[in-house]
Amino acid sequence: MTAAPDPSTDTPPADPAAEGAGHPTLGRVVRTLDELYAPSTAEEWDAVGLVAGDPDAPVRKVLLAVDPVEEVADEALAWGADLLVTHHPLFLRPVHSVAATTFKGSLVHRLIRGGCALYVAHTNADAAQRGVADALADALDLLHRVPLVPHPAPSPHEAARTGTGRVGRLAEPTTLRAFAQRVAQVLPPTVQGVRVAGDLDARVESVAVVGGSGDSLFDAVRASGADVYLTSDLRHHPVSELRERARLDGGEAGTPFLVDVPHYASEWPWLRYAAEDLVRVLARSGAAVETRVSTLVTDPWTARFPSAPADPAADAGPPRDTAQA
């Protein structure tokens, strides 16, 4: 696997000599992560929290990654991590065995033998402040943002600050083409790159973002009035139907336009926030850990072959825009 370019993926611990900091137990780290990403805010179908590990074991090093896959486990064990925090669950559905004869069971056994615990923050991290949605919005410098699908507000006098996705505005209007190029620049490189549905020369200013799979939220995006929607895992029929509705309402300039990126790429920016916030919150009580953000690109696709006629002069199909991000 290749690595995502990021010059600052390690967050050193507070200096124990200067601050009297000590290494926390796994139980303490889990409580801190639960404070940052409340399990109660996860979707009901989700599986979050501690997957494997002894709560009384000390934690010195924490590796953060999007996916709990073999290469990430190798990285955690080679670095000597005591805890691996992933965004995606290893066991999203109930299992009746973790025997090492399956790839998931084998991964758990390897981590346990190597003294490395496993913790998952998934949809609870999507919705949190400085979570997946905020990190994606920050990567694009979105201003005046609010949750796309807000959680209940803390009180009638406060606006909701957590929830699925974010809607905000760019500092200045731009074209759909320039926006997609910006997305390609700020997210980790992947084989798929960035896909776009809409007029590349159209003006965009308001933006909705959802890290991970987002075509189930098209109604919320339309209700938000966003000019463009950035998300992942977009499927043919939902995209076709959304764009047909948009064209019916506003012609070729009908919004929202769509920008689709790989699932992994849309969620990776959050890892740096998680690393920083874990160190910061632990330091309040004099505890210190060293964190590292994995730069392994765990998007599963390994190659892409653009469709094109064998003879460029012979147009074998309908015209298409071949702009590259």
Side-chain angles (χ1 to χ4, degrees), residues 24-57 59 62 64-68 83-95 104 108 117-138 145-167 208-214 216-217 219-220 224 231-233 263 266-285 287 289 291:
T25 64
L26 175 61
R28 187 173 180 183
V29 175
V30 167
R31 289 192 296 273
T32 301
L33 289 167
D34 287 349
E35 176 185 337
L36 291 167
Y37 314 111
S40 62
T41 63
E43 298 290 337
E44 62 179 15
W45 48 262
D46 206 358
V48 301
L50 186 63
V51 178
D54 180 354
D56 294 327
V59 174
V62 181
L64 298 99
V66 174
D67 294 297
L83 172 62
L84 171 59
V85 175
T86 65
H87 182 53
H88 291 145
L90 180 63
F91 300 108
L92 187 56
R93 296 177 177 83
V95 298
K104 293 186 177 184
V108 169
L118 176 62
Y119 178 95
V120 171
H122 192 210
T123 53
N124 48 331
D126 287 338
Q129 292 187 70
R130 284 177 57 87
V132 172
D134 274 335
L136 186 55
D138 282 343
R145 60 178 177 262
V146 296
L148 175 64
V149 181
H151 287 164
S155 76
H157 308 291
E158 296 183 67
R161 292 180 291 179
T162 63
T164 302
R166 296 292 184 268
V167 182
V209 300
V210 167
S213 302
S216 65
L217 296 169
D219 287 344
S224 76
T231 189
S232 302
D233 297 342
H263 194 123
S266 71
E267 296 172 331
W268 186 83
W270 163 71
L271 299 177
R272 179 171 60 87
Y273 280 12
E276 293 172 352
D277 292 346
L278 178 61
V279 169
R280 173 178 54 82
V281 175
L282 285 172
R284 291 176 184 167
S285 56
V289 295
T291 62

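In this chain, residues are counted from 1 in sequence order.
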Flag side-chain contact, heavy atom, 4.5 Å: Leu26 against Leu50: yes

Chi angles and distances behind the side-chain contact (heavy atoms from CB on, under 4.5 Å) call for Val62, Tyr119: CA-CA 10 Å; Val62 181; Tyr119 178 95; over 6 Å; no

Flag if over 12 foreign heavy atoms under 6.0 Å of CZ, Arg161: no

Neighbour count above 12 (heavy atom, 6.0 Å) for Arg93 CZ: no

Whether Lys104 side chain and Leu90 backbone form a donor-acceptor pair below 3.5 Å: yes

Validation row: Val289, Pro24 side chains within 4.5 angstrom (heavy atoms): yes

Where Ala117 and Gly53 come nearest, the two heavy atoms and their spacing: CB-CA, 3.8 Å

Side-chain heavy-atom pair Asp138, Arg145 within 4.5 angstrom cut-off: yes

Pairwise side-chain contact, Arg31 with Glu35, heavy-atom cut-off 4.5 Å (strictly under): no

Trace of the side-chain contact (heavy atoms from CB on, under 4.5 Å) decision for Asp126 with Trp270: CA-CA 9 Å; Asp126 287 338; Trp270 163 71; over 6 Å; no

Where Ala220 and Val149 come nearest, the two heavy atoms and their spacing: CB-CG2, 4.0 Å

Pairing residues for Thr25 by the side chain to side chain contact (heavy atoms under 4.5 Å, CB included) criterion, not counting sequence neighbours: Arg28

Taking every non-hydrogen atom, the tightest pair across Ala153 and Ala160: CB-N, 3.9 Å

Non-hydrogen atoms of Asp134 and Arg166 that approach each other most closely: OD1-NE, 2.8 Å

Leu84 side, atom CG; Leu118 side, atom CG - distance, nearest 0.5 Å: 5.5 Å

Residue pair Ala133 / Val209: nearest heavy atoms and the distance that separates them: O-CG2, 4.1 Å

From CA spacing to verdict: side-chain contact (heavy atoms from CB on, under 4.5 Å), Val132, Leu136: CA-CA 6 Å; Val132 172; Leu136 186 55; 5.6 Å; no

Heavy-atom check, side chain of Asp67 versus side chain of Thr86, under 4.5 Å: no

Contact check, side chains of Leu148 and Thr164, non-hydrogen atoms, under 4.5 Å: no

Distance in Å, Arg280 CZ paired with Leu36 CG, rounded so as to fall on 0.5 Å steps: 6.5 Å

Closest non-hydrogen atom pair between Pro154 and Ala159, with its separation: CD-O, 4.1 Å

side-chain contact (heavy atoms from CB on, under 4.5 Å) between Leu64 and Arg272, intermediate numbers included: CA-CA 8 Å; Leu64 298 99; Arg272 179 171 60 87; over 6 Å; no

Heavy-atom donor-acceptor pair, Ser266 side chain to Gly212 backbone, under 3.5 Å: yes

Pairs satisfying salt bridge (Lys or Arg N to Asp or Glu O under 4.0 Å), at least one member in residues 39-56, at least two apart: none

All ring pair (Phe, Tyr, Trp, His ring centres under 6.0 Å) counterparts of His263, not counting sequence neighbours: His88

Heavy-atom side-chain proximity of Leu33 to Val85 below 4.5 angstrom: yes

Asp277 side chain to Tyr37 side chain, donor-acceptor N/O pair below 3.5 angstrom: no

Trp45 side chain near Thr123 side chain, heavy-atom distance below 4.5 Å: yes

Under 3.5 Å donor-acceptor, His87 side chain and Ala121 backbone: yes

